[in-house]
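Only one structure is covered here, and it is reproduced in the block below.
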Amino acid sequence: MNIILLGPPGSGKGTQAEMLVQNYRFQQLSTGDLFRKNILEKTALGLEASKLINSGNLVPDEITNKMVEQYLLENKFDNLIFDGYPRTINQAEVLNQILDQKNLKIDKVIFFKLNQDLLMERLTGRLVCPLCKRSYHIKNRKPKIEMICDFDSGPLVVRPDDHPDQIAIRLKAYEVETAPLVDYYNNQNKLVSINCEGKNAEELFLNLTTALELS
Ligand code: ADP
């Protein structure tokens with residue numbers, strides 16, 4: 001089963017994808033992580049994308065689509081989670097074409113529903129481990145030792161695009177570019193909404209596995 005996790009930045013897609021990978025036979029494709037890896041390794045793609053990402057803007061469709069196509073060519077998969085992709089109607093259409101060529105399809109799109117006001121608070125408190133990509137929150141999901149990853153003992157960092165000005169740009173980009181995908185996938189009868197408000201990661205995971213008919 002191939003699925004898309006759709007929702008605003010800060011809605012918890014990355015954390016839920018992590019939990020699916022740990023508990024079921026899923027692989028995760030996070031375009032955000034792929035971009036950050038390229039930035040870290042100073043590849044041509046990373047250099048091209050870094051200014052846009054650090055300022056909170058989306059990377060142009062053409063670049064993002066090419067990166068995803070490359071990944072899908074190089075990797076074998078049968079249970080893939082698309083996390084942070086597609087983020088525009090153009091990306092959704094290109095993804096469809098790529099999967100079509102491989103005789104694959106998207107089975108379900110999970111929409112993470114959450115009040116916009118909560119997002120700023122969640123994102124301003126977010127800490128991430130650059131090594132294993134796990135994310136934490138200074139109030140809601142604290143690491144066992146302050147600023148240290150529970151899993152690999154590496155130091156946690158604040159992402160450069162997790163500062164208030166950049167977050168505001170990302171939320172706007174979500175509203176304008178990504179939110180139309182909710183209707184797009186609803187019209188294809190692929191959308192399942194889960195309400196994220198007032199739920200911790202474990203509670204949300206229960207809703208998610210039910211929505212995916214995994215438990
Ligand atoms: P979040 O969901 O918390 O915003 P991500 O790690 O998914 O974070 O993405 C970080 C940044 O990477 C985005 O703000 C954007 O600049 C870039 N990015 C990731 N995925 C895409 C995409 N599908 N299209 C365009 N830009 C993307």
Side-chain angles (χ1 to χ4, degrees), residues 3-18 21 28-41 43 45-72 80-96 98-99 106 109-114 116 118-130 132-137 140-141 156-182 184-185 196 201 204:
I3 63 171
I4 293 172
L5 303 187
L6 176 65
S11 55
K13 304 181 299 286
T15 304
Q16 295 301 317
E18 248 172 53
V21 170
Q28 176 190 13
L29 165 56
S30 157
T31 41
D33 285 347
L34 264 188
F35 280 130
R36 282 185 288 275
K37 183 166 178 277
N38 276 281
I39 292 172
L40 214 68
E41 292 170 357
T43 65
L45 172 70
L47 292 175
E48 200 169 352
S50 69
K51 255 205 198 128
L52 287 164
I53 292 180
N54 291 342
S55 63
N57 289 294
L58 292 186
V59 178
D61 287 338
E62 207 185 314
I63 298 175
T64 310
N65 288 332
K66 231 190 252 163
M67 180 178 75
V68 171
E69 189 168 13
Q70 186 77 17
Y71 176 95
L72 295 177
L80 194 58
I81 306 166
F82 290 89
D83 164 16
Y85 182 89
R87 253 173 157 104
T88 65
I89 298 278
N90 170 278
Q91 291 179 13
E93 285 173 345
V94 170
L95 175 63
N96 212 13
I98 301 172
L99 292 178
I106 295 296
V109 179
I110 306 291
F111 173 47
F112 289 61
K113 239 167 78 187
L114 185 64
Q116 290 269 337
L118 295 172
L119 298 171
M120 182 60 91
E121 186 198 314
R122 283 198 184 198
L123 290 165
T124 45
R126 179 158 74 174
L127 302 166
V128 293
C129 172
C132 70
K133 317 284 178 266
R134 286 187 174 83
S135 63
Y136 300 84
H137 190 276
N140 313 328
R141 203 171 180 234
L156 300 177
V157 299
V158 175
R159 264 172 43 180
D161 57 343
D162 273 349
H163 296 287
D165 287 354
Q166 284 78 0
I167 293 170
I169 296 173
R170 283 160 60 205
L171 292 176
K172 188 80 201 158
Y174 170 79
E175 224 174 89
V176 176
E177 303 277 357
T178 312
L181 288 174
V182 174
Y184 177 86
Y185 284 117
C196 304
L204 196 54

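Whatever order the structure lists ligands and atoms in, that order sets their numbers, starting from 1.
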Would you name the heavy atoms of [X] and [Y] that are closest together and state the gap between them?
| X | Y | result |
| --- | --- | --- |
| C196 | S11 | SG-O, 4.1 Å |
| E18 | Q28 | N-OE1, 4.5 Å |
| A201 | T15 | CB-CG2, 4.1 Å |
| E93 | Y184 | CG-OH, 3.5 Å |
| V157 | P130 | CG2-CG, 3.8 Å |

Under 3.5 Å, sequence neighbours excluded: what are the donor-acceptor pairs made by side chains of residues 165-175?
| from | atom 1 | to | atom 2 | distance (Å) |
| --- | --- | --- | --- | --- |
| R170 | NH1 | D161 | O | 2.5 |
| R170 | NH1 | D162 | OD1 | 2.8 |

First-shell residues of ligand 1 [heavy atom, distance under 4.0 Å] = P9, K13, T31, G32, F35, R36, I53, N57, L58, V59, T64, G84, Y85, R87, Q91, R126, R159, D161, R170
